[in-house]
Structure formats: C-alpha cells, structure tokens
Amino acid sequence: TAAVPTLTLVSSGSPTTAGIVVTFTATLSSGPTGTLTFYDGSTSIGTGTISGTTASFSTSSLALGTHSITAVWAGNTDYSAATSNVVSQVIEVGTQTISFPAPASPVTYGVAPIPLSATASSGLPVTFSVVSGPGTVSGDTLTITGGGTVVVAANQAGNSSFSAAPQVTQSIVVNTAPLTVTSSSTLNPSVYGETATITFTFAGAGAIPTGSATIRLDGVTVADPVLNGSGSVSYTTAAALVAGGHTVTASFDGSANYH
C-alpha cells in the first residue's frame with residue numbers, strides 16, 4: 001500500500017498589495033520527489049520543484065481579491081497523491097507615491113525646453129501638466145513661454161492594482177531676459193532743414209518683444225512709441241533741429257518677459 005504523505009502550505013504574507021511578490025511554500029513529509037502544482041481554486045498557477053522536503057512558488061500576478069491557494073502532489077508508486085491545506089491569500093489595492101526631483105530654478109526667459117523626470121513607486125508611467133504660469137508641457141518636456149513662476153504637476157492616475165498617487169508639484173521661477181538693441185538712420189549726417197528717421201530694433205532670446213520704448217533726444221524724452229510686430233520703433237527728427245551733433249537713444253520700458 002502506498003504511503004500517504006503530509007503536505008502543509010503557508011504564504012509569505014497575507015494580505016499583500018497588488019504587484020507585490022508573494023511566495024507559497026509547501027512542506028512535505030520525507031519521501032516524495034519531483035514537483036508540486038499550485039492552484040488558485042481549480043486553476044493551476046505554477047509549479048515548484050521539491051528540494052528536500054519543501055517546494056515553493058512565487059508570483060506577483062494575483063488579481064485583487066481573496067484567493068484559495070493549494071499545493072498538490074500527484075503521487076507515484078510509493079506515495080499517494082496529496083493536497084495541502086487551503087491558504088486564503090488576500091490581494092489589496094496598492095498605494096503609490098511619486099518622486100519628482102525639482103528642475104533647475106531660477107531660469108531666464110528664452111531658456112531651451114526643460115526635460116522633466118519623475119517616477120512612481122508602482123512603476124507606472126507619470127504624466128506632467130502645467131498647473132499655473134507661463135509654460136506648456138508636451139510629454140516630459142516643459143517649454144517656457146514667458147516670465148513669472150511656472151508650477152508643474154506630476155501625476156499617476158492608478159489602475160486596477162494601484163490607487164492614484166498624491167500629486168507632486170514643483171515651481172520654476174522664470175526671470176525676465178535682457179534685450180539687445182540695434183539702430184539705423186536714414187540720414188547721417190544731415191543738413192539743417194532735413195529730417196532723419198532713426199529706427200531702433202529690440203531682440204531677445206525668446207519671442208519678439210512687445211511693449212513700448214522711451215526715445216530721448218540729447219537726454220530729453222521726446223517719444224514713447226509702441227514696438228511694432230518686428231520689435232522696432234522709429235523717431236523722425238525735426239527739420240528745425242539746430243546744427244551740431246545730437247544723440248538719439250531708445251530704452252525698452254520692460255515687460256513680463258524682458259527687461
């Protein structure tokens with residue numbers, strides 16, 4: 001008559017969260033060799049090779065809920081088949097957190113697009129968005145669109161195994177950028193009674209500047225024109241300008257993006 005082995009099954013822990021590895025270990029009386037088959041209810045979920053008097057099976061694929069796990073040995077000519085006790089394995093929704101290192105701050109308007117990087121403890125992908133401020137996000141790249149403070153959020157919405165992660169935000173201070181200015185004159189030198197038009201063009205590292213400029217003739221403010229679509233302003237001297245050397249200057253009045 002074939003001997004009847006004893007088979008005892010334990011879990012490495014219950015409950016566990018989804019995606020976490022759980023190990024089932026079966027202990028047998030001496031004698032049986034080969035492999036054990038592990039079942040979730042009536043469904044085979046894996047096998048374990050008997051080493052000495054134990055066999056193990058590990059998995060991270062169990063779905064949410066309660067699982068009835070058993071280990072079964074098929075038997076041979078010397079030992080009868082055996083089924084272990086039932087282990088109730090509970091799988092719960094996992095929690096997760098986000099690690100979002102702070103991007104460089106402050107930066108200056110006109111800076112190159114800024115790469116963003118964040119990871120979720122679950123291993124699920126993180127998405128980025130602009131909460132407030134002058135910026136846009138495409139994928140994992142932030143583009144600065146003006147001066148001010150940009151607040152960027154990192155999110156992970158969760159899935160069937162993990163709840164949503166708490167949102168993490170980072171702030172980036174964007175300083176205004178300096179402008180360069182070039183000038184040209186339609187007539188220099190000019191003769192008394194003639195007029196000359198001086199054009200000043202402002203340019204920066206980002207978009208064409210908008211706003212106004214202050215024009216001074218020999219240190220005295222003579223105009224405060226608005227920049228055109230090319231970032232330029234012009235001033236035409238009076239025909240009655242007295243003979244001699246004169247200085248015409250233009251200074252940018254400042255904006256949210258430039259100084």
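Worth saying up front: this structure is predicted, and the values here are computed from it rather than measured. Values below: all heavy atoms of this structure, side chains included; hydrogens, waters and symmetry mates excluded.
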Atom of A55, atom of G48 and distance for their closest heavy-atom approach: CB-O, 3.8 Å
Minimum heavy-atom distance between Q156 and A120, given as atom pair plus value: CG-CB, 3.9 Å
Check residues 234-244 and write down every donor-acceptor pair under 3.5 Å in which the side-chain atom is one partner and the other belongs to a residue at least two apart or another chain.
| from | atom 1 | to | atom 2 | distance (Å) |
| --- | --- | --- | --- | --- |
| S234 | OG | T199 | OG1 | 3.0 |
| T236 | OG1 | T197 | OG1 | 2.8 |
| T237 | OG1 | A196 | N | 2.9 |
| T237 | OG1 | A196 | O | 3.3 |

Any residue meeting side-chain hydrogen bond (donor to acceptor under 3.5 Å, both in side chains) with T25, in chain and number order, not counting sequence neighbours: S56
Just so I know, are the side chains of L227 and P209 near enough to count as touching, which here means a heavy-atom distance under 4.5 Å? yes
What pairs with T23 under side-chain hydrogen bond (donor to acceptor under 3.5 Å, both in side chains), at least two apart in sequence or on another chain? S58
May I have the list of side-chain donor-acceptor pairs in residues 102-116 shorter than 3.5 Å, sequence neighbours left out?
| from | atom 1 | to | atom 2 | distance (Å) |
| --- | --- | --- | --- | --- |
| S105 | OG | V173 | N | 2.9 |
| Y109 | OH | A207 | N | 2.9 |

Partners meeting side-chain hydrogen bond (donor to acceptor under 3.5 Å, both in side chains) with T54 (sequence neighbours left out): none
Among residues two or more places apart or on two chains, list those pairs meeting side-chain hydrogen bond (donor to acceptor under 3.5 Å, both in side chains) that have a residue in residues 132-147. none
Restricting to non-hydrogen atoms, name the atom on A74 and the atom on A81 that form the minimum distance, rounded to 0.1 Å. O-CB, 3.3 Å
For residues S99 and P101, report the shortest heavy-atom separation together with the two atoms involved. O-CD, 3.6 Å
Do E194 side-chain atoms and L187 backbone N/O form a donor-acceptor pair below 3.5 Å? no
Given V233, T210, I208, the one that forms side chain to side chain contact (heavy atoms under 4.5 Å, CB included) with F202: V233
Could you pull out all donor-acceptor pairs under 3.5 Å where a side-chain atom in residues 214-226 meets a protein atom, sequence neighbours excluded?
| from | atom 1 | to | atom 2 | distance (Å) |
| --- | --- | --- | --- | --- |
| T214 | OG1 | D253 | OD1 | 2.8 |
| R216 | NH1 | S251 | OG | 3.2 |
| D218 | OD1 | T247 | N | 2.8 |
| D218 | OD2 | H246 | ND1 | 2.8 |

Partners of S60 by side chain to side chain contact (heavy atoms under 4.5 Å, CB included), sequence neighbours excluded? V21
Of all the heavy-atom pairs spanning V86 and S68, show the shortest one and how long it is. CG1-CB, 3.8 Å
Ignoring hydrogens and geometry, is there a side-chain-to-backbone donor-acceptor pair from N257 to G147 under 3.5 Å? yes
Exam field: side chain H259 to backbone G254, donor-acceptor pair closer than 3.5 Å: no
Are S121 and Q96 linked by a side-chain donor-acceptor pair shorter than 3.5 Å? no
Which ILVMFWY residues are connected to L62, directly or by a chain of links, through side-chain heavy atoms under 4.5 Å apart? L7, L9, V22, F24, L28, L36, F38, I45, I50, F57, L64, I69, W73, Y79, V87, I91, V93
Report all side-chain donor-acceptor pairs from residues 161-168 shorter than 3.5 Å, counting only partners two or more places apart or in another chain.
| from | atom 1 | to | atom 2 | distance (Å) |
| --- | --- | --- | --- | --- |
| S163 | OG | G94 | O | 3.3 |
| Q167 | NE2 | N155 | OD1 | 3.1 |

Which residues share a side chain to side chain contact (heavy atoms under 4.5 Å, CB included) with V130, sequence neighbours left out: V137, L142, V150
Is there a donor-acceptor contact under 3.5 Å from the side chain of Q170 to the main chain of F100? yes
Inter- and intrachain pairs under side-chain hydrogen bond (donor to acceptor under 3.5 Å, both in side chains), touching residues 179-189, at least two apart: none
